[in-house]
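Comments concern the structure below.
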Amino acid sequence: MATGPVVVLLHGVAMNGSLWDEVVAGLGDGVGCIVPTLPLGGHRSPMEAGADLSVLGVALPDPEPLPTTPTPAEDETAGHEATGRNSGPARRRVLTAGAAGAVLLVGGSAAVWNALRGRDTGAGGPPSGSGESPTYTIGLHADLGGPGRATGLAHQRGAQLAVADHNSRKDKTFRLALRTEDDRGDPAAALRVAERLAADPAVIAVLGPTGAVLREELVQRYGAARLANVVVAAGSSTVGSGSGLHHCVTRPLDDMLTPGLIGHLARTTPAGRILLVEDAADPGLAGEVGRAFREAAPTGATVLEHPLVRGDAGFGAVARKAVTGRADAVVLRGGDASRAARLATALTGERFTGARVAAGPALGPAFLDGAGDAADGWVFAEAYADPAALPAARAFTAAHRKRFGAPPATWAAEAYDVVGLIARAAGTTSASGEVRSGIGGRIVRTEHRGIVRTLAFTASTRRMRMPDGIFLYRIEHGRPRFLGPYEEVQEASDGSGR
């Protein structure tokens with residue numbers, strides 16, 4: 001039973017109490033919620049035969065005092081009681097709060113947060129009226145001692161700079177702290193890390209995990225604790241659609257990067273004949289890339305397809321097909337960097353001079369080392385930016401060099417932005433002292449202008465709105481050169497794009 005304030009949540013016409021489900025979940029156990037289904041609402045069961053459905057018949061009655069013990073939102077009897085089936089119609093009016101401390105809210109979820117702002121801040125800080133600014137802790141769930149240590153360290157450094165920047169602000173209403181936990185890239189250890197962070201009442205949200213794959217069991221573990229986790233770097237996910245109301249992903253996954261390749265071949269380096277190379281070693285990514293090209297190929301382009309079989313054979317055959325088929329561009333549908341390097345070598349051996357593009361994990365050390373000079377000219381669509389090339393990130397890049405003695409690595413700037421996103425959401429979230437409970441739903445409704453891009457989400461999928469976050473890189477002299485957001489890249493005089 002709730003021991004805190006009571007809030008009454010009313011829906012609009014042709015709706016019902018389910019409108020408020022996410023809000024009720026976000027408010028937590030400390031808030032009593034009364035969620036009636038009103039006349040002209042979306043009732044689950046039909047009205048009784050002969051019921052008066054006229055304007056007067058469905059008018060609300062004079063309000064009775066609200067119960068001091070709220071009826072659970074799932075109990076539809078609350079809706080029947082709230083309609084007030086008494087004798088004779090009454091004047092139409094809005095319900096008032098008769099119970100002590102009750103708050104009446106009508107409309108959408110924003111009203112809830114606004115009405116409850118100013119109550120105790122709860123997690124991580126002193127109670128209101130103490131005169132002290134609360135401290136909210138962000139958990140960093142990272143691989144710092146395993147195969148993904150470079151990505152984990154980039155997250156840590158970006159988050160440390162963001163926390164320091166927030167705490168240096170004179171207009172801050174709370175301070176931030178960072179708690180770091182290392183899972184060493186081990187799935188079992190990752191679950192234990194989630195348990196430790198969830199058990200810390202000071203932690204209001206988690207940045208990470210930082211691994212390449214977002215696993216459903218980990219999202220469920222955080223969800224069970226109603227602890228938001230914001231994922232920056234994972235390129236693939238085993239999380240089912242609709243699961244995990246307390247997690248969101250700030251990047252397009254690898255299988256969502258194809259619009260960057262299509263845009264490049266449509267505008268930057270126009271191609272009339274495109275050869276799609278389906279890598280049998282990566283059927284998942286190959287299928288998604290192929291589907292995207294078939295559905296949205298550049299206008300007027302002819303799309304050819306050729307399989308790349310598993311194993312060592314097949315690279316030469318693909319290269320010869322590109323030449324004999326008079327392809328203007330080759331698209332690798334796969335993410336294996338070493339196999340991408342072998343394809344690059346084969347194409348160079350057949351003197352193919354057209355565009356060569358791929359997405360996601362195909363760009364890696366194994367590609368650059370394995371392809372050598374044959375890597376030059378390849379264009380990749382990626383979900384991360386180079387902050388050193390972004391005017392908005394100059395201060396961040398300078399601060400990173402000063403503090404850590406090196407330029408920011410991949411994902412450092414994105415981690416910096418996520419700390420800012422969490423801070424912004426925390427500043428507009430108050431659920432009777434339970435910032436932690438409310439912040440999961442608030443994050444995906446918060447728009448934050450970061451140094452890399454503006455973070456804004458589709459609430460239903462909890463993923464960043466497309467096409468934001470797809471960037472192009474071109475290999476020059478054996479190194480990736482950042483071209484920019486794919487929609488902004490234009491053809492340069494040397495044909496390199498920018």
Does a salt bridge link R179 with E181, judged by any charged N lying under 4.0 Å from a carboxylate O?
-> yes
Please report the closest heavy-atom contact between A359 and L285, naming both atoms and the distance.
-> O-CD2, 4.5 Å
Please tell me if the side chains of L218 and P209 come closer than 4.5 Å, counting only heavy atoms from C-beta onward.
-> yes
Which is it for Y384 and F482 under the ring pair (Phe, Tyr, Trp, His ring centres under 6.0 Å) test, yes or no, and what are the steps along the way?
-> CA-CA 10 Å; Y384 52 84; F482 181 65; 8.8 Å; no
Which distance, rounded to the nearest 0.5 Å, do you find between the CG of L227 and the CZ of R436?
-> 4.5 Å
d(F174 CZ, H166 NE2) to nearest 0.5 Å is 4.0 Å
Short side-chain to backbone donor-acceptor contact, S338 and A366, under 3.5 Å | no
Would L253 and S236 count as a side-chain contact (heavy atoms from CB on, under 4.5 Å) if you check the C-alpha gap in whole Å, the side-chain angles of each, and the deciding distance to 0.1 Å?
-> CA-CA 6 Å; L253 300 180; S236 61; 5.8 Å; no
When rounded to the nearest 0.5 Å, the distance separating CE of M256 from CD of E288 is 10.0 Å
Partner of I443 under side chain to side chain contact (heavy atoms under 4.5 Å, CB included), picked from V230, L455, T250, V418, is V230
Heavy-atom closest pair, residues A358 and W378 | CB-CZ3, 4.1 Å
Measure the CZ-CG distance between R196 and L191 for me, rounded to the nearest 0.5 Å.
-> 11.0 Å
Between A301 and I274, the two heavy atoms sitting closest are CB-CD1, 4.0 Å
Could you check if a side-chain atom of I422 sits within less than 4.5 angstrom of a side-chain atom of Y136, using non-hydrogen atoms only?
-> no
Stepwise, does the side-chain contact (heavy atoms from CB on, under 4.5 Å) test hold for V331 with L265?
-> CA-CA 10 Å; V331 179; L265 296 180; 3.8 Å; yes
Where does the angle between the aromatic ring planes of F380 and F367 fall among parallel (under 30°), tilted (30 to 60°) and perpendicular (over 60°)?
-> perpendicular
Sidechain-backbone polar pair: R273 side chain, G325 backbone, donor-acceptor under 3.5 Å | yes
If you draw a 6.0 Å radius around CG in N167, do more than 12 non-hydrogen atoms from other residues or ligands fall strictly inside?
-> yes
Give a yes or no answer on whether the side chain of D386 reaches the backbone of R481 with a donor-acceptor pair at less than 3.5 Å.
-> no
Distance, nearest 0.5 Å, that separates CZ of R221 from CZ of R215 | 14.0 Å
Heavy atoms of A374 and A344 approach each other most closely as CB-O, 3.6 Å
Check: L275 and F352 side chains under 4.5 Å, non-hydrogen atoms = no
Whether D282 side chain and G335 backbone form a donor-acceptor pair below 3.5 Å = yes
Heavy-atom distance under 4.5 Å between the side chains of L153 and R149, does that happen here?
-> no
So, are D182 and R184 salt-bridged, with charged N and O less than 4.0 Å apart?
-> no
Might you point out which heavy atoms bring A177 and T135 nearest each other, and give the distance in Å?
-> CB-CG2, 3.9 Å
R251 side chain reached by L257 side chain, heavy atoms, under 4.5 Å = yes
Under 4.5 Å between any side-chain heavy atoms of H155 and H141, yes or no?
-> no
Checking R333 side chain against A286 main chain: does a donor-acceptor pair fall under 3.5 Å?
-> yes
Which atom pairs, donor and acceptor, lie under 3.5 Å between side-chain atoms of residues 387-416 and protein residues at least two apart or in another chain?
unit_1, atom_1, unit_2, atom_2, d
T397, OG1, A393, O, 2.9
H400, ND1, A406, O, 2.8
E414, OE2, A385, N, 3.0
Y416, OH, D165, OD2, 2.6

May I have the step-by-step check of side-chain contact (heavy atoms from CB on, under 4.5 Å) for V206 and I138, ending in yes or no?
-> CA-CA 6 Å; V206 172; I138 296 175; over 6 Å; no
Taking R267 for the side chain and Y486 for the main chain, is one N or O donor matched with an acceptor at less than 3.5 Å?
-> yes
Side-chain touch N229/L197, heavy atoms, less than 4.5 angstrom = no
Apply the test side-chain contact (heavy atoms from CB on, under 4.5 Å) to residues I475 and L363: give CA-CA distance (whole Å), side-chain angles for both, the deciding distance (0.1 Å), then the verdict.
-> CA-CA 9 Å; I475 309 303; L363 173 56; 3.8 Å; yes
Just how far is it from atom CZ of R294 to atom CG of L276, taken to the nearest 0.5 Å?
-> 7.5 Å
Using a strict 4.0 Å threshold on nitrogen-to-oxygen distance, state whether R192 and E195 make a salt bridge.
-> no
Salt-bridge criterion met for D417 and R453 (N-O under 4.0 Å) = no
Exercise: identify the closest heavy-atom pair between A296 and I262 = O-CG2, 3.2 Å
Hey, does L308 have a side-chain heavy atom less than 4.5 Å from the side chain of F315?
-> yes
Indicate yes or no for a side-chain donor-acceptor contact from D279 to the backbone of V309 under 3.5 Å, with no hydrogens or angles considered.
-> no
